[in-house]
Amino acid sequence: MSVIQQTFQVQFSYNIQFTENLFNPANTLFIDFIRNYGSNTFRKKILFLIDEGVAIHHPALKSAIQNYFKNQDFVELASEILVLPGGEQVKNDPVYFEKTLEAIDQYGIDRHSFVAAIGGGAFLDMTGYASAVAHRGVKHIRIPTTVLSQNDSGVGVKNGVNYTGKKNFLGTFAPPVAVFNDTTFLRTLNERDWRSGIAEAVKVALIKDLTFFEWLEQNALALSARNEKAMYEHIFRCAELHVQHISSGDPFESGSARPLDFGHWAAHKLEYLTNFSIRHGEAVAIGIALDSVYSHLKGDLTLDELNRIIVLLQNLGFELYHPALGENDKINLWKGLNEFREHLGGQLTITLLKKLGKGEEVHEIDFDLVKKSVDWLANIAEQTLQKA
Ligand code: NAD
């Protein structure tokens, strides 16, 4: 018997640039990136796709992009700028994935050309997936426009769409070539989308960084009152923690552990159970609260620590309970846990909290304790209602 052994490594590197007014002609960050990326022996092409929610609130964006690329002879802007729906709809309905592929084909975007997507986390997930599979991967540039996409999803390496009623069933690990976090987009977010992404910051602070958790405690009211300075500061730190985590261990998640999914097993199920009437970040806030109560009932987190988490989430303005959690004697939640296990593969690995700022991985979940945790949250919701 003979064996040919093969091993190789592929290096990835990309910058997350923080800026304002990205397509103002005076801001050359974007055009400089395109000019300096890769070879300049041929004319590069770039196709833009915009989340409809962004296009509606930024009606001058399309013409700003066209103007920005005028007279740049080293790059060819595709004659059409595609606008597709944003939100979970774009991940649920395959027609938008197909439209993106058709545009990549129609405008001749090859493996040395760029697809630049401007939008929220769902929009970037779908366009990132289409970019990763067209021609086995065209260059993808992300321009995240929501809090969640700027502090978490847009700066990482994953993409995906929903399939057979399961979140992110189809997707790849495909790092972008660049990320541009333009703070001006955040001003047009509605209250829910302004708030919901902060849940991902609470998540990463709880499992990794007590100092950041304390910063969030001190700034929770400012954040929920739309203080921009606090928002930008939190986005930077949260993005930094996510990026550091990705490069420090297992970027393409070949093991079973996914600490950044703390609070997510219940969140993903809840999004389906509520027919996506709650935002991903809102579901994550409930998921965090649930797993924090569980960590307390399990004997790890003290009551004082648990209360600090609950108060932080409440000060940020999150609801911590949804009736769908309790339906059918919580059996749907049990299904959610199994779906999460299938999605990860291998041994069930759930991140819980050892203490504030420190996660711990467990491989077994006591479902009776999950049920008690749900009741605990229902109780908090009841008490809050009585106080109001
Ligand atoms: P979203 O993408 O669903 O967007 C919410 C709404 O905001 C949409 O209606 C959108 O059109 C609108 N919108 C976007 N930008 C706007 C702006 N600047 N002004 C006004 N409206 C705007 O919400 P999200 O919280 O950004 O993303 C959630 C998605 O991210 C989920 O699908 C989740 O699964 C995914 N996610 C992915 C990863 C990853 O690693 N790939 C990580 C976390 C979450």
Side-chain angles (χ1 to χ4, degrees), residues 20 22 49-59 61 83-93 96 117-129 131-132 140 142-163 166-176 179-201 203-204 226 231 235 238-239 241-243 245-246 251-253 258-265 267-272 276-285 287 340 343:
E20 282 192 348
L22 187 60
L49 298 131
I50 307 180
D51 179 320
E52 196 173 26
V54 179
I56 290 169
H57 288 93
H58 301 265
L61 181 59
V83 176
L84 299 172
E88 211 60 30
Q89 180 189 0
V90 85
K91 288 174 69 171
N92 279 333
D93 188 341
Y96 304 116
I118 307 177
F123 194 78
L124 299 182
D125 269 2
M126 185 285 285
T127 49
Y129 178 48
S131 306
H140 183 46
R142 299 204 194 118
I143 303 167
T145 59
T146 59
V147 171
L148 186 137
S149 56
Q150 292 199 358
N151 74 5
D152 178 344
S153 82
V155 304
V157 297
K158 292 190 277 185
N159 57 52
V161 295
N162 307 331
Y163 188 68
K166 289 174 186 156
K167 279 278 290 187
N168 306 325
F169 188 87
L170 298 177
T172 71
F173 293 92
V179 181
F180 294 90
N181 269 353
D182 180 343
T183 51
T184 30
F185 283 115
L186 303 179
R187 297 201 177 115
T188 56
L189 289 171
N190 64 28
E191 290 304 311
R192 290 179 68 188
D193 290 309
W194 173 272
R195 173 179 302 112
S196 73
I198 308 171
E200 300 284 9
K203 167 202 77 179
V204 77
R226 291 191 87 120
M231 181 51 94
I235 287 178
C238 183
L241 283 166
H242 276 95
V243 167
H245 174 83
I246 290 166
F252 290 178
E253 296 173 3
R258 291 213 320 206
L260 293 180
D261 271 353
F262 169 58
H264 279 59
W265 72 267
H268 283 170
K269 192 65 191 172
L270 203 51
E271 285 183 84
Y272 273 99
F276 296 100
S277 65
I278 61 173
R279 296 282 197 260
H280 178 73
E282 293 169 338
V284 169
F340 195 75
H343 185 63

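Start at 1 and go down the list; that is how both ligands and their atoms are numbered.
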Criterion side-chain contact (heavy atoms from CB on, under 4.5 Å) on Gln150 and Val155, from CA distance to verdict: CA-CA 7 Å; Gln150 292 199 358; Val155 304; 6.0 Å; no

Which salt bridge (Lys or Arg N to Asp or Glu O under 4.0 Å) pairs, counting each pair once, include a residue from residues 276-285, with sequence neighbours left out? Arg192-Glu282, Asp193-Arg279

Please output the residues near ligand 1 using a strict heavy-atom distance under 4.0 Å, listed in chain and residue-number order. Asp51, Gly53, Val54, His57, Gly86, Gly87, Glu88, Lys91, Gly120, Gly121, Ala122, Asp125, Thr145, Thr146, Leu148, Asp152, Ser153, Lys158, Lys167, Phe185, Thr188, Leu189, Asp193, Glu200, His280

Across all chains, not counting sequence neighbours, the ring-ring contact (aromatic ring centres under 6.0 Å, His included) partners of Phe185 are His58

Would you please test Met231 and Ile198 for side-chain contact (heavy atoms from CB on, under 4.5 Å) and show each step? CA-CA 9 Å; Met231 181 51 94; Ile198 308 171; 3.9 Å; yes

Just wondering, more than 12 heavy atoms not from Phe252 lying within 6.0 Å of its CZ? yes

Can you sort out the partners of Asn168 under side-chain contact (heavy atoms from CB on, under 4.5 Å), two or more places apart, ordered by chain and number? Lys91, Asp125, Asn162, His268, His343

